[in-house]
Every structure is written in C-alpha cells, then in structure tokens.
J.: 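Can you keep this structure in mind? I'll have questions shortly.
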Amino acid sequence: MTKIRCVVERITYQSAETGYSVLKCAVKDYKDLVPVVGNLLDVSVGSVLLVEGEWHVDKKYGRQFMAQKWEETLPATVYGIEKYLGSGLIKGVGPKFAKRIVATFGADTLSVIEDEPQRLAEVEGIGGRRIAQIRESWEKQKEVKNIMLFLQGHDVSTSFAAKIYKAYGAKSIELVKENPYRLADDIWGIGFRTADQIAMKLGLKKDSYFRIRAGILYTLSQLADNAGHCYAERSALIESAMKILSTEDTKIDSSLIVMAIDYMLTKEDLKAEKIDAVLLEDEAEHTAIYLPPFYYAELGVAGKIRKLLHAPAQVLPEPDIAGLEKANHIHYDDIQADAIRAALRSKVMVLTGGPGTGKSTTTLGIIRALRAAGLSIALAAPTGRAAKRMTEVTGMEAKTIHRLLEYKPPEGYQRNEEKPLDTDVVIVDECSMIDLILMNSLLKAIPLQARLILIGDTDQLPSVGAGNVLKDIIHSGTVPVTRLTQIFRQARESRIIMNAHRVNHGQYPEILNRAGSDFFMMEKENPQEAAELITDLVANRLPGYFGVRPSQIQVLTPMQRGEAGAANLNQLLQDRLNKGNAENALRRSGYTYRMADKVMQIRNNYDKEVYNGDIGRIIAVDMQERTLQVRFDDRVVTYDVTELDELTLAYATTIHKAQGAEFPVVVIPVLMSHYVMLQRNLIYTGITRARTAVVLVGTPTALSYAVRNEVVGKRNSLLAERLREKTELT
C-alpha cells in the first residue's frame, strides 16, 4: 500500500448512495492534478487528505490513485491553508478573506484561529462580528470533524455528522455510543440500518432489547412510509421484524420479539387494538399494533367526525339554484344541484369526481349558497400549489392547512381544541392527499357548530403519508357523499380529460400524434434512449411547439431510480437547462445545487414552513456563508449547506410527489423498466396533472400493462370501522 498527502482541488463526481467519489488533487512532486477515486464522501474542496491505496491504470481514464483508507488532516503549507480556508468550510471566510488571512499570518494561520482568534482583527476588513462567526464555525467544525472520524471508523457515511452535532452538540459521540439506535429516532435521514451498523461496530449484542425495540419501531415506520399502513397485524409485525433483525450468522428468535412487543405495550411505546375477524375474512383472533401517533390520530379523526355529525346545526333555507346559475353563468345538472343542497343540509359532506366533472364550478356554487345564507367560510388545501389553484377558481383566499391552523414552530398548531377556528364552514380541496396525522390536526381545530366539506378525487393516488382518509370516510357510509360523473361538453374537447377517464375505466387512451392534439406518445423502448429523448423534448422541442418555457414543462416519472427515473433525469436536465451556473453552486452528498435550479422540498420542515412536495427555484447562492435561498411561490427560504439533503432537483419528479399540482405541459416516461410501479391510478394521476398537453415517452406495451393493472395495495386502517361504531360519544 502507498500513502500520498494531497489537497482536494476539484470534486468531479460523488454518489450519495455509494459514497464513490472522483477527486482531482494536488500532490507534491506531481505536475498535473492526480485523480483519486474511492469511497471519499463529504470531503470538501481545499481539504488535505492522507490517503492510503494503490496506483491503477484505467483503460479509459488513465492513471488513478485507488483509495482504500483516508483521513483528513490540517494543511501544512501556506497554499494548502489558503485553499482549505477558502473552500467555505469555515463560515465567514471565503476565498477573498482566506487570501488576506494567510497573507497576514502565513504558516501560523491555523494556530492563530485556534489559539488567538482575536488577532484576526489585524486583517483588513475583519471586525468583531466576523471574528465571532469564524470562532464559532471553527469550533463547530472541529466537533463535526471528530464525529466524521468516529462515523468513518464505523464505516458510516460522514454526511450525517453535521446533523448529529446539531442535535446533540458536544455530547454527540458520548450519546451515540450509549445508544446508537437513538439516531434513528432523532436524526432525519438516519434509519435503523445505519444505527444498527454503528451499534454492531460498537459491540452491542444482536439480541439486546435496545436493538429489538429499534427494529420493531423501524418495521412499523417502514410500513407507514412505504405502504401507507397505519398499523401492522401482530403476527405480520413479528415476522417482518424477524427478517429485519436477523443476519446471515444470527437468527433472532420470535419469542424475543414477542416479549419486546408486550413490554413496549406496557410502556405505551406501542398501542394495540383487536381487529374484527370479519375484516380479515377468517375466524382467528387478530390484533393491530400501532405506533402511538397513528393510533391516537385514527381515534381522533373518527371521534371528531362523529361528533360533528351528531352536533346540532343551524337550519338553512333551500338554495336558489336558478339564481346561482345566473350569477355563475352556468347550468348545474341534477347531481351538482343536489350537491349544493346537501352542503346546506349537512354538517359533514364529501364531494368527489374526476377531471372535467364540474367539481370546481360546484364548489363555487356551494360557496355562494353558503355566503348567501350568511355563513363565514374558510378554504384550505394540503399544499401551497393546491391552495393557489383553489384561490384562482373561487376568487377567495385559500390557505394551506398548516397556515390555516397557524403552525408556529416549535409550539405547533395554534388552532386546536382550545382555540378552534373562527368560522362557520371549512371547505378543504384535494383531500385524497391528506394523511391521517394531518387530518387529525385539522379536525381538532374545527368547532362543533361548524360544517365541514371535503373535496377530492378518490381515484388518484392516496396520500404520501399513512392512511387513506378520504376513501375510508366514503367507505364508512356514515357521511353524505355526492359523486359527480358527467363530463361536461367543454371538458370532452380535451383529450387529456377524456383519456384520463378512459385510463380510469381500464381503457387504452386514444393517442393522435398530430397538430392540434393535446395528448401524444413517442415510442422508445430503451430507457437510456427514452431519457435522452425526454431531455431533448424539454430543452428544445416542446417549448417552441407549445409556446411555453422549459420551466413550465414538468417531467413526471413512476420511479426515483433507473435511467428514466427522477434522479437520472434531473442530472441530465440540470446539465442541459442550467449548465451556465455550474460554478455558482453548493455540493452536498454527491448532488450539486446551482443558482436558478428548480428544486423540491422532500420533508416537512415546520421551522422553515416548507413542506414535502413544495417546488421552488434557487435565487441566491452564497459560497462564503455556504447557504442558498429558494423562492417558494411568494416566500424565500434559506438553507445551510448541511440542510441541503432536504432538497432535491425538481426538473423531474415522481408522480407521487406531484399530487395536488398542475403544470402546463407534462412529460411521462412509461417503460417496462418501471413495471413494479405501473398501475392504473399512477398513470391516471400523472395525466390529470397537465393543463395544456401530455407527452408520454415509452412503449404501448408498458402503457397497456399499467392501464390493465388496477391492483392497489390496501392500506391497513380501521378508520372506516371506527366511524361506524355505535358507542356513545363523550
């Protein structure tokens, strides 16, 4: 094995998933930059590395140094120190100040920052505020480096180091050593697998209670995150946890998992509920095991809806349908008119229907009828985009549910049982997107005397979060439901709408690739060729054809991975559409975020008031402060470089993430390489996101497979059964 000491000049490539990196490094006695390759995730430009490995000659790329082990060291040369400080690693010091500091202190620079930071005042332009910032950042960086070395020593990605430090501070390593599984509970992005890897390196026993408890919680969380389940049936939970906890050399006995579940139930780490045998179509006794938040949310949603249904309501006069038709310049069919009447009679009601069936015009009629009766109305939707569309349709302000409930971190929702909403009616659109937890928070804030109207399309994909709330409410049979079915004449002229209904009924869409059409299919079987065609369509061909900007074209794909998946398409589209900003960018975990990039928030961040699925654009990149700013509609949010894994590029996104959104032009790859995700409701949801045109790229075989596949995984939920309960309300 050979050792080299090098300074990282450029990072050519990094994979967030594997950690594989290609660095261009300056090495003493080598005239040209040396390519260093290997698992070197989260090193920064300017870092000084001591790398152990071997030289290798690659047929395509030439001579490279293959890294086996590496550690980061402080730079020893004046050049290295300047490069290190100027990399942006230390907040308050960019390339300009790095040059000045090193010019002043030379080889003693790092010891000055470490031991005599007040001397930085000798450097032109550095005052007390910047010195304090540099000192704080230096200390933090030292701690983060220690955590990185600790993680590296346990073969764990060092990208989590800053998050761990942010959560635990100077006690980070101590707390992780004490119980590494707490990382899975406390740090977003660190799951059971990573925590388990650290625990095994630290010598924790595979049958320890800490590990089994963490494995059970992880199993339930995965079922909620990946399948939308609110609970796991007890025997299925035991079986799944055994698979997760067992390793090649150690099989965990089911009795240990049973004992752990029973103990966790006594500690209320878990909640249990008997399941009616009829639901599972057998005679055996079954038990549902819940994570407490889902258990209490399910009870809360069912209890509040039942209370609303039973609470007395103000009797309103029959609506003047003819007057509403005149005011809205529309003729309501019998079902729409019945929906308006039902809204004035009901405490809780559901309005559902597909595209082009008049949900928006019916909603407008309901609003005008309720206002004519003297009632105040609050409008809401689960996302900012859906709320904006609701505002455009109704002419009234619609808020996100979080804004309506006045979410304020860290206290939470300001509107709740103690301080309910001051309104007579709450109308909520895009309810198929609302998960169990959010619906519970909303219902808590609705006063008993108020009316609740839920609007949505139950044939779309269910919520990203756990539960299938709108469908469960409809299936319970306890709430009045109006289903709009007639497609109106104007909507029938849109091939997008007609094909959405054809797909929803299991029929292959009518595709006419000719001028004047709004629904196209371009055939490509090879995923790589499909990805190249999609890139060309977005960058060159579709903007001119439809008279739109590339930013108004949204690629929606069934999957995240693969050559025609969102991750790869984003890289291709970023390089094609935003190549000019490659230097004005921040890098995090293998991804690059450039000025003007289209990005999406991928988790709810209540502190920043941005939520999973929000799309924005990067409007500023501060290379010195290592921050960037994203504009989401009418507000700007700042991200530190350590928070960038909450963002992803959004030139392409999964169809799941696009729920509630609407785009002028939508491009959808439909390939057999996506077959595990090809379902009727997925294609239906993707098509209904487009206003002006849909362009499918793929094969008729894949599209036909998706249209025929109506199998939708049932989500474990007892909400419908709880709504039907005959127990007394308290």
J.: More than 12 heavy atoms of other residues, nucleotides or ligands under 6.0 Å from CG of D334: is that the case?
T.: no

J.: Is it true that the side chains of Y218 and D196 contain a donor and an acceptor less than 3.5 Å apart?
T.: no

J.: Which pair of non-hydrogen atoms, one from A564 and one from L671, has the smallest distance, and what is that distance?
T.: CB-CD1, 3.5 Å

J.: Within a strict 4.5 Å, meaning less than it, do heavy atoms of the L452 and V428 side chains meet?
T.: yes

J.: Take R691 and Q552 through the side chain to side chain donor-acceptor pair (under 3.5 Å) test and state the conclusion after the steps.
T.: CA-CA 11 Å; R691 275 200 307 271; Q552 294 176 293; over 6 Å; no

J.: Show your working on side chain to side chain donor-acceptor pair (under 3.5 Å) between E233 and N716 and close with a plain yes or no.
T.: CA-CA 8 Å; E233 201 277 317; N716 290 347; over 6 Å; no

J.: Identify whether the distance between the nearest side-chain nitrogen and carboxylate oxygen of E273 and R722 falls below 4.0 Å.
T.: yes

J.: side-chain contact (heavy atoms from CB on, under 4.5 Å) with L379: which of T363, I367, T391, I453?
T.: I367

J.: Could you grab the distance from atom CG of L270 to atom CZ of R234, nearest 0.5 Å is fine?
T.: 9.5 Å

J.: Using every non-hydrogen atom in the two residues, find where A339 and T482 come nearest and quote the distance to one decimal.
T.: CB-CG2, 3.6 Å

J.: With a 4.5 Å limit on heavy-atom distance, are the side chains of M498 and I487 in contact?
T.: yes

J.: What distance separates T400 OG1 from K388 NZ, expressed to the nearest 0.5 Å?
T.: 13.5 Å

J.: Can you tell me if CD on Q507 sees more than 12 non-hydrogen neighbours from other groups inside 6.0 Å?
T.: yes

J.: Mind running side chain to side chain contact (heavy atoms under 4.5 Å, CB included) on R385 and F663 for me, showing each step along the way?
T.: CA-CA 10 Å; R385 290 166 293 167; F663 310 97; 4.0 Å; yes

J.: Do T287 and K274 come within less than 4.5 Å of each other through their side chains, counting heavy atoms only?
T.: yes

J.: Which value, rounded to the nearest 0.5 Å, describes the distance between N468 atom CG and I434 atom CD1?
T.: 12.0 Å

J.: Under a 4.0 Å N-O cut-off, is there an ion pair linking R724 with E721?
T.: yes

J.: Between CG of N526 and OG1 of T699, what distance do you get to the nearest 0.5 Å?
T.: 11.5 Å

J.: Should D338 and R341 count as an ion pair when the cut-off is N to O under 4.0 Å?
T.: yes

J.: Please find the pair of heavy atoms, one from M672 and one from A702, that lie closest to each other, and give the distance.
T.: SD-CA, 3.4 Å

J.: Calculate, to the nearest 0.5 Å, the distance between atoms CZ and OH belonging to R689 and Y684 respectively.
T.: 8.5 Å

J.: Side chains of E298 and Y290: any donor to acceptor distance under 3.5 Å?
T.: yes

J.: Using every non-hydrogen atom in the two residues, find where Q659 and H656 come nearest and quote the distance to one decimal.
T.: OE1-O, 2.9 Å

J.: Quick one: do T362 and Q336 satisfy side chain to side chain donor-acceptor pair (under 3.5 Å)? Show the steps, please.
T.: CA-CA 6 Å; T362 305; Q336 289 179 303; 2.9 Å; yes

J.: Taking atom types as modelled and ignoring hydrogens, do the side chains of K598 and Q554 form a donor-acceptor contact shorter than 3.5 angstrom?
T.: yes

J.: Rounded to the nearest 0.5 Å, what separation is found between the CG atom of L443 and the CG atom of L438?
T.: 9.5 Å

J.: Do you know which two heavy atoms are closest between M521 and G698, and how far apart they sit?
T.: CE-C, 3.7 Å

J.: Between L647 and M600, is any pair of side-chain heavy atoms under 4.5 Å apart?
T.: no

J.: Are more than 12 heavy atoms, taken from residues, nucleotides or ligands other than Y675, located less than 6.0 Å from that residue's OH atom?
T.: no

J.: If you look at every heavy atom in P293 and I437, which pair is closest and at what distance?
T.: O-CD1, 3.5 Å

